[in-house]
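Down below is the structure, laid out as structure tokens.
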Amino acid sequence: MQGVGDVRSWTSLEPDAELAGRLERSLAVEPLEVPTRVCVGTVAQLDSGSRFDTLLYIDVLEHIDDDRSELAGAGERLRAGGRLVVLAPAHNALYSEFDRAIGHFRRYDRGMMRRIAPSGLVERHSEYLDAAGMLLSLGNRLVLRSGQPTLGQVRFWDRRVVPVSRVLDPLLGRMVGKSVLMVWERVE
């Protein structure tokens with residue numbers, strides 16, 4: 001995999017036009033070191049001849065109804081040796097009012113990810129992340145049933161829960177967590 005210094009350009013796909021606009025405005029104020037373009041849409045709206053070294057889906061796939069087709073399109077747009085990286089909320093048992101409120105269709109586990117993996121790609125890595133967060137997500141699902149976290153809850157998560165998970169995740173072999181990370185590679 002190429003290092004950060006090898007990046008020649010970024011293409012950011014955002015299905016929500018308002019969020020894409022916010023990203024463009026942010027990049028106009030603080031541009032990246034490499035050329036960056038923002039496109040409204042998903043991989044289906046890209047030129048069919050476009051090829052990429054890496055495609056990242058960071059907390060995105062759960063918002064796409066036809067996730068299998070989305071990943072198939074992503075797989076088709078990878079160069080040989082290219083990587084598809086997906087980070088998504090884990091475990092449908094944790095699906096809560098919060099998930100529904102922010103437009104999640106589902107949560108995933110490794111088995112679900114493997115079933116929707118694009119053809120022509122080989123799994124290179126999988127793990128769960130945020131073990132401490134999984135317990136809090138379960139608490140929200142069963143007790144709080146909150147549809148929107150407060151600013152205080154977000155700060156607590158960032159300042160207290162994430163550091164605990166950074167210690168717990170390796171101790172638990174990254175076998176437990178509220179997020180699942182999958183990496184596939186085009187081997188053709």
Side-chain angles (χ1 to χ4, degrees), residues 1-2 7-24 26-27 32 34-130 133-134 137 141 147-148 174-175 177-188:
M1 191 182 311
Q2 295 181 335
V7 174
R8 294 180 301 273
S9 68
W10 281 98
T11 299
S12 176
L13 294 170
E14 173 53 61
D16 184 290
E18 181 182 331
L19 290 176
R22 285 176 33 194
L23 179 56
E24 283 181 314
S26 177
L27 288 168
L32 297 177
V34 297
T36 305
R37 70 180 178 138
V38 177
C39 302
V40 177
T42 64
V43 294
Q45 281 77 46
L46 289 174
D47 173 20
S48 63
S50 297
R51 295 293 175 265
F52 299 89
D53 295 319
T54 305
L55 290 168
L56 303 171
Y57 285 77
I58 307 298
D59 290 324
V60 171
L61 193 62
E62 65 276 8
H63 294 275
I64 299 171
D65 189 21
D66 190 358
D67 53 356
R68 183 182 305 268
S69 292
E70 180 69 17
L71 290 186
E76 291 169 3
R77 286 167 175 79
L78 286 173
R79 290 185 176 102
R83 301 270 174 122
L84 174 60
V85 179
V86 177
L87 177 73
H91 309 296
N92 267 325
L94 295 177
Y95 191 90
S96 68
E97 191 53 43
F98 175 71
D99 289 290
R100 190 175 354 277
I102 61 173
H104 290 180
F105 285 98
R106 71 201 64 77
R107 296 176 74 94
Y108 296 88
D109 59 36
R110 289 183 202 188
M112 291 172 67
M113 287 288 197
R114 288 175 177 137
R115 285 190 292 278
I116 63 171
S119 62
L121 274 64
V122 173
E123 182 182 319
R124 293 296 186 207
H125 184 81
S126 70
E127 67 184 23
Y128 290 102
L129 299 168
D130 197 1
M134 183 175 168
S137 292
R141 166 87 167 84
Q148 188 65 31
R174 301 190 192 282
M175 300 297 290
K178 77 166 190 63
S179 297
V180 60
L181 174 68
M182 301 293 291
V183 180
W184 293 280
E185 180 180 2
R186 177 160 294 289
V187 292
E188 299 168 355

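In this text, all values refer to a predicted model and were calculated from it rather than measured experimentally.
At distances below 3.5 Å, at least one donor-acceptor pair connects side-chain atoms of Gln45 with backbone N or O atoms of Thr42. Side chain of Arg115 to main chain of Arg68: no donor-acceptor pair is present (N/O by atom type, distance under 3.5 Å, no hydrogens or angles). Under the 3.5 Å distance criterion, the side-chain polar atoms of Arg186 are left unmatched by any main-chain donor or acceptor of Arg77. Not one N or O on the side chain of Arg107 forms a donor-acceptor pair closer than 3.5 Å with the backbone of Asn92.
The nearest pair of heavy atoms linking Pro118 to Ala72 is CB-CA, 4.1 Å. What you find for Arg8 and Arg79 is that their closest heavy atoms are NH2-NH1, 4.2 Å. Scanning both residues, Glu70 and Tyr57, for their nearest heavy atoms gives OE2-OH, 2.7 Å. Residue Ser9 comes nearest to Val34 through the heavy atom pair CA-CG2, 4.0 Å, listed as atom of the first residue, atom of the second, then distance. Considering every non-hydrogen atom in both Val40 and Ala20, the closest pair reads CG2-CB, 3.7 Å. For Leu78 against Gly82, the heavy-atom pair with the smallest separation is CD1-O, 3.9 Å.
When side chains are defined from C-beta on, Asp109 counts as touching Met112, because their heavy atoms get closer than 4.5 Å. At least one side-chain heavy atom of Cys39 sits under 4.5 Å from a side-chain heavy atom of Thr11. Counting heavy atoms from C-beta outward, Leu32 and Val7 have side chains that stay 4.5 Å or more apart. Taking 4.5 Å as the limit, some side-chain heavy atom of Asp67 sits within range of a side-chain heavy atom of Tyr108. The closest side-chain heavy-atom distance from Leu23 to Glu14 is not below 4.5 Å.
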Quiz item: Do Leu129 and Arg174 pass the side-chain contact (heavy atoms from CB on, under 4.5 Å) test, and can you show the C-alpha distance, the side-chain angles, and the key distance before you say yes or no?
Solution: CA-CA 6 Å; Leu129 299 168; Arg174 301 190 192 282; 3.7 Å; yes

Exercise. Show your working on side-chain contact (heavy atoms from CB on, under 4.5 Å) between Arg110 and Met175 and close with a plain yes or no.
Key: CA-CA 10 Å; Arg110 289 183 202 188; Met175 300 297 290; 3.7 Å; yes

Practice problem: Output, in order, the C-alpha distance, side-chain angles, deciding distance and verdict of side-chain contact (heavy atoms from CB on, under 4.5 Å) for His63 and Asp16. | Solution: CA-CA 11 Å; His63 294 275; Asp16 184 290; over 6 Å; no

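Each of Arg124, His125, Met113 was compared with Trp184 under the side-chain contact (heavy atoms from CB on, under 4.5 Å) criterion, and only Met113 meets it. The only member of Asp53, Val183, Leu121 that meets side-chain contact (heavy atoms from CB on, under 4.5 Å) when paired with Arg83 is Val183.
To the nearest 0.5 Å, atoms NE2 (His104) and CG (Leu61) are separated by 10.5 Å. Between Leu84 atom CG and Leu56 atom CG the span is 8.5 Å, to the nearest 0.5 Å. If you take CG on Leu19 and CD on Glu24, they are separated by 11.5 Å, rounding to the nearest 0.5 Å. Interatomic distance, OG of Ser179 versus CG of Asp59, reported as 6.0 Å (0.5 Å rounding). Rounding to the nearest 0.5 Å gives a distance of 5.0 Å between CZ of Arg114 and CE of Met182. Rounded to the nearest 0.5 angstrom, Phe52 CZ and Leu46 CG are separated by 5.0 Å.
Under the 4.0 Å criterion applied to side-chain N and carboxylate O atoms, Glu62 and Arg106 are not assigned as salt-bridge partners.
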